[in-house]
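Structure, as structure tokens:
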Amino acid sequence: MARINSNYRKLTAGYLFPEIERRVERFQRENPAAKIHRLGIGNTTEPLTPTLIKGLKDGVERLARAETYSGYGDEQGQKELRTALARYYAAMGADLEPDEFFVSDGAKPDAGNIQSIFSSDSMVAFQDPAYPVYVDSNVIAGRSGPFDPDRGNYGRFIYMPCHEGNGFIPDPPEKKVDLIYLCSPNNPTGAVADHRQLQRFVDYARRHRAVIIFDAAYAEFIADPQLPRTIFEIEGARECAIEINSFSKFAGFTGVRLGWTVLPRTLVLEDSEPGELRRCWLRRQTTFFNGASNIAQRGGLAVLSPTGLEECRELIGYYMENSRIIKEGLQESGLTVYGGENAPYLWVKTPGGLSSWEFFDRLLKETSVVGTPGSGFGPSGEGYFRLSAFGHRAAIEMAVESIITRASFAAR
Ligand SMILES: *Cc1c(COP(=O)(O)O)cnc(C)c1O
């Protein structure tokens, strides 16, 4: 008799976006003339740049000729792309070998799958709030313990609260844990950890033989040259960190699908030999995954070319100008807003002590603007609201205008 993996029944997230849609649909039904402004979704909106299109076309053309045709590729990803990635990291001051890179179809699958190479009884710590994949993948793997509906958390997980008091960057856990998920620049808070803060995590991980899983999907959005763009800028990280990254937000590849994971040979666990963990990940990927599309990989190579990088950074500049417009508009309305300077997310404190969902309803009703309730990202997200800077400029301006002129909380 087959039985279901009952850990799926413990999942709570996943309810967030369907619930948003349900409320938006009801609002639209009751207010058919209202024009909805969406500032909620972390999805890119602007077209790929010319160099990237050329790279992708080149990938297609190669498939048209016998001399350049390729089927299954190198298991870790095309050598040329991994070499270009190693060079890209070298420019940030991080020393990594091409065979420490694993090209994938995106950071989300890697962030979800990476837990499978660690012992199933590992104690896991998470930034709270966080991108839901880290928690959910560990729930499915059976590490969570029961969900406590009163506290909004899982009994066996360690939460590292992010709040105004710590600038939304937590301290390392007090207890000894085995795995730590960090995301900087952070989705949803837009906060970025500095060198000193990351060094504390690396020191903690080395002291306790813990592993940091570092999601750097928004690294290219960092404008401040003082802030670290990769955990491998931090001394000692090669012994204790795995980095997950993606071309999705960096280059607009959300639909193309291409990412990578860095797993250094020098990363050793309590009970593993040098290189063994890296081999486990290779084994995991070759067993469950057959490599990223060779067309997408030619596109990735184009991203990392000098003109590709220049164009992508210009595109990021466009989104960050959106971010500036939203932040200024909200501040003008009297709201307290964090993030949005080195990340495409703004973390808004709800006014008047409203809960995240109360603010969601109020903003929708008064201004037709849709955002994302912070409580959907973890218990410490309660009382906050996430807005995203992805969107066409005109749509962003209309949304901000609607908040400034129509929100009852706006100071006029
Ligand atoms: C969008 C996002 C990703 C990207 O995932 P892909 O699968 O590469 O599209 C990864 N991590 C975070 C925190 C994100 O917000």
Side-chain angles (χ1 to χ4, degrees), residues 13-14 16-17 39-46 48 52 77 81 85 88 101-115 126-138 160 162 168-170 180-193 212-222 229-231 241-262 285 288-289 291-293 296-297 299-300 303-304 312 315-316 319-320 323 339-340 342-347 371-372 374 376-378 381 386-391:
L16 178 64
F17 288 99
L39 289 182
I41 299 187
N43 197 359
T44 49
T45 56
E46 301 310 302
L48 297 185
L52 277 47
L81 178 57
L85 281 167
Y88 169 72
F101 288 85
F102 293 79
V103 174
S104 73
D105 57 349
K108 186 185 209 170
D110 286 1
N113 293 327
I114 196 77
Q115 48 76 26
F126 306 91
Q127 269 171 303
D128 169 29
Y131 186 55
V133 178
Y134 321 134
V135 164
D136 289 358
S137 57
N138 280 284
M160 301 183 289
C162 301
F168 302 97
I169 301 296
I180 300 171
Y181 285 81
L182 291 178
C183 176
S184 173
N186 191 267
N187 175 9
T189 67
V192 186
I212 298 168
I213 297 161
F214 189 76
D215 185 339
Y218 297 96
E220 279 290 335
F221 289 76
I222 296 176
R229 289 155 190 253
T230 163
I231 187 107
I242 295 173
E243 181 162 303
I244 292 170
N245 208 326
S246 168
F247 290 97
S248 283
K249 316 298 165 38
F250 175 2
F253 271 27
T254 37
V256 175
R257 310 305 306 144
L258 193 67
W260 70 88
T261 283
V262 187
Q285 291 301 74
F288 290 88
F289 178 58
S293 146
Q297 293 190 67
V303 173
L304 298 173
C312 289
L315 190 54
I316 286 168
Y319 291 127
M320 292 313 290
S323 184
N342 295 287
Y345 293 112
L346 298 113
W347 194 235
T372 312
F377 298 97
R386 189 192 77 173
L387 294 178
S388 149
F390 293 112

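When a residue number appears, it is its place in the shown sequence, counting from 1. Atoms within each ligand, like the ligands themselves, are counted from 1 in listed order.
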Would a 4.5 Å heavy-atom cut-off, applied to side chains only, mark T372 and Y345 as touching?
-> no
Do Y319 and T44 touch side chain to side chain, with heavy atoms closer than 4.5 Å?
-> yes
Residue pair L39 / S388, side-chain heavy-atom distance below 4.5 Å | no
Kindly assign one of parallel, tilted or perpendicular to the pair F390 and F221, based on the angle between their ring planes and the thresholds 30° and 60°.
-> perpendicular
Between F250 and W260, how do the two ring planes meet: parallel, tilted or perpendicular, split at 30° and 60°?
-> perpendicular
Compare all side-chain heavy atoms of F168 with those of P129 and state whether any distance is below 4.5 angstrom.
-> no
Kindly tell me which protein residues have any non-hydrogen atom under 4.0 angstrom away from an atom of ligand 1, grouped by chain and ordered by number?
-> G106, A107, K108, P109, Y131, Y134, C183, N187, D215, A217, Y218, S246, S248, K249, R257
